[in-house]
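Note sheet for the following structure.
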Amino acid sequence: MLQLQPPRFLPLPRCRIPGSSSRRRRARPPALAVRSQWKLPDVDTDAVQERVRSWLSRAQGAVVGAAQAAREKGKRKEDAEGRKKQRKEEVEEQALDFAVPEITVERRVGRGWLSMDAVVAIEQFARLNGLTGRKVQRIFKALAHEHVHSDARSLVEYCCFRYLSRDNSDFHPNLTELAFQRLIFVTMLAWEDPYDEDNDPHSSLDNYSILGRFVGEDAFVRIAPAVAGVADVSTAHHLFRALVGTEKGLTLDLWTTYLGELLKVHHGRQTHKIGDNFLSGEQVLCIGSSKKRPVLKWEQNTAWPGHLTLTNKALYFEAIGLAGMKKPLRLDLTDHNSRVQKAKVGPFGSRLFDSAVSVSSGSVSSEWTLEFVDFGGEMRRDITRGSS
């Protein structure tokens, strides 16, 4: 008769820990019976130590590589911030120092005393025209109508527009110079406040500064479009509101930053080619072809990345395909019923992202929804909307 033997391995009793029912228990090896003759195999300690050293070496290499990459990224960020800070300091330093050779303009006019902004603008543009401030003032009195002889604002406009009208290019070449950018900013301040509120004839350039001062919308709309390539008359109001946002007005730092980005667009416009798709007389106004911040065209809940080109007559979109760039699509903007407005987009019609614009050419069938990816805010979308 067979006799059953007790098993060599006895199961351990289960202990229930409060609050651990939802946790996944780690499997434990069975305990050895007291009378068991089973022995653990011999372990090669040298092999284990070698394997551990190998793991530690790999982990150390990965940590060193990640730390080096983080240091390089931080260094690049610091260099970019340093260049930006240096440029801002240069703007501030030059803003404090106006090199006006000599003040020759007659500050006393029929309606009061000229402000220092008006004096600086008149003298600087007079030098650019090869004249002195007093000479330009006399020419203005001889040419202007009698009712504007004593109007300081008209005198500022005459000095500024006389020089700017000498250039027939699409983009004024002097915009690359920081001194000229600062002069246009001073001219906008002079147009806004051409008279000295205190009527002080003894005020000088010793304590003159334009830091912390603001340009209003009317001054921007009047002066900025006169500079070739800076703004368009029909969209200047929208551009100013997009640049300023919730600020009191346009500051010198914001003005120079905008012109710096505009110079990049102008350089890209010169090197940009879109084949023979442009019609005669079209001029490129803006290009959206950044790899880090692409432009997406939404069609039936699907976003297609590509390059966007805005001209004075149409929009062109070049979709990026697997085999390269596709044939550009054209949306005519010469129709009087064309409209541009903000829009929200998202997958499956969710409309989660408020970063797009809807451009229509007068009919629903010819409507584009374009998303401007910008992780820093809505400035990119608003500026493009203002330019359209």
Side-chain angles (χ1 to χ4, degrees), residues 76-98 117 121 164 170-192 209-232 235-270 284-293 295 308 310 355 372-388:
R76 289 194 299 267
K77 185 177 180 180
E78 290 178 358
D79 293 341
E81 292 178 352
R83 289 192 298 268
K84 184 177 180 181
K85 183 178 180 181
Q86 182 180 1
R87 175 177 173 81
K88 185 176 181 180
E89 290 177 353
E90 290 177 356
V91 172
E92 293 178 352
E93 182 179 357
Q94 295 187 18
L96 295 172
D97 183 20
F98 270 88
D117 297 326
L164 295 177
D170 297 332
F171 196 85
H172 204 288
N174 289 357
L175 284 174
T176 57
E177 303 175 7
L178 190 59
F180 185 76
Q181 299 178 10
R182 191 175 66 253
L183 176 58
I184 299 298
F185 186 82
V186 173
T187 306
M188 290 188 286
L189 291 174
W191 188 94
E192 197 164 34
S209 175
I210 58 177
L211 291 178
R213 301 179 62 184
F214 300 93
V215 170
E217 183 174 348
D218 293 337
F220 178 85
V221 172
R222 180 59 177 168
I223 301 299
V227 187
V230 173
D232 188 75
T235 60
H237 289 280
H238 301 288
L239 178 60
F240 178 84
R241 295 164 189 169
L243 289 173
V244 173
T246 58
E247 298 293 332
K248 296 180 180 179
L250 186 70
T251 62
L252 177 63
D253 182 49
L254 184 58
W255 168 249
T256 54
T257 301
Y258 166 67
L259 292 181
E261 295 297 324
L262 202 62
L263 288 171
K264 295 179 183 179
V265 173
H266 175 65
H267 178 71
R269 183 195 309 176
Q270 291 178 328
V284 178
L285 301 179
C286 186
I287 301 171
S289 59
S290 176
K291 295 181 179 179
K292 295 182 179 179
R293 299 183 299 174
V295 178
L308 184 68
L310 173 64
S355 59
F372 297 88
V373 181
D374 191 353
F375 298 104
E378 301 178 5
M379 177 66 73
R380 188 183 180 205
R381 187 266 300 271
D382 291 342
I383 290 180
T384 305
R385 176 172 171 262
S387 302
S388 301

Please check this pair: side chain of Gln181 against backbone of Leu259, looking for a donor-acceptor N/O pair closer than 3.5 Å. no

Trace of the side chain to side chain contact (heavy atoms under 4.5 Å, CB included) decision for Val244 with Phe214: CA-CA 10 Å; Val244 173; Phe214 300 93; over 6 Å; no

Scan Asp117, Val186, Leu252 and name whichever one has a side chain to side chain contact (heavy atoms under 4.5 Å, CB included) with Arg213. Asp117

Correct closest heavy-atom pair for Glu192 and Ala219 would be CB-CB, 4.1 Å

Minimal heavy-atom distance between Leu239 and Phe220, with the atoms involved, is CD2-CZ, 4.1 Å

Run the side chain to side chain contact (heavy atoms under 4.5 Å, CB included) test on Asp218 and Trp191 for me, step by step, so that the C-alpha distance in whole Å, both residues' side-chain angles and the decisive distance to 0.1 Å come before the verdict. CA-CA 9 Å; Asp218 293 337; Trp191 188 94; 4.0 Å; yes

If you round to the nearest 0.5 Å, how far is OG1 of Thr256 from CD of Glu261? 10.5 Å

CD of Glu217 to NE2 of His237: how many Å apart, nearest 0.5 Å? 5.5 Å

About how many Å separate NE2 of His238 and CG of Asp232, when rounded to the nearest 0.5 Å? 10.5 Å

Taking every non-hydrogen atom, the tightest pair across Phe185 and Val215: CE1-CG2, 3.5 Å

Look up atom OH in Tyr258 and atom OG1 in Thr251, then write down how far apart they are to the nearest 0.5 Å. 14.0 Å

Go through it in stages, so that I can follow the logic: the residues are Ile184 and Trp255, the test is side chain to side chain contact (heavy atoms under 4.5 Å, CB included), and I'd like the CA-CA distance, side-chain angles, deciding distance and then a yes or no. CA-CA 10 Å; Ile184 299 298; Trp255 168 249; 3.6 Å; yes

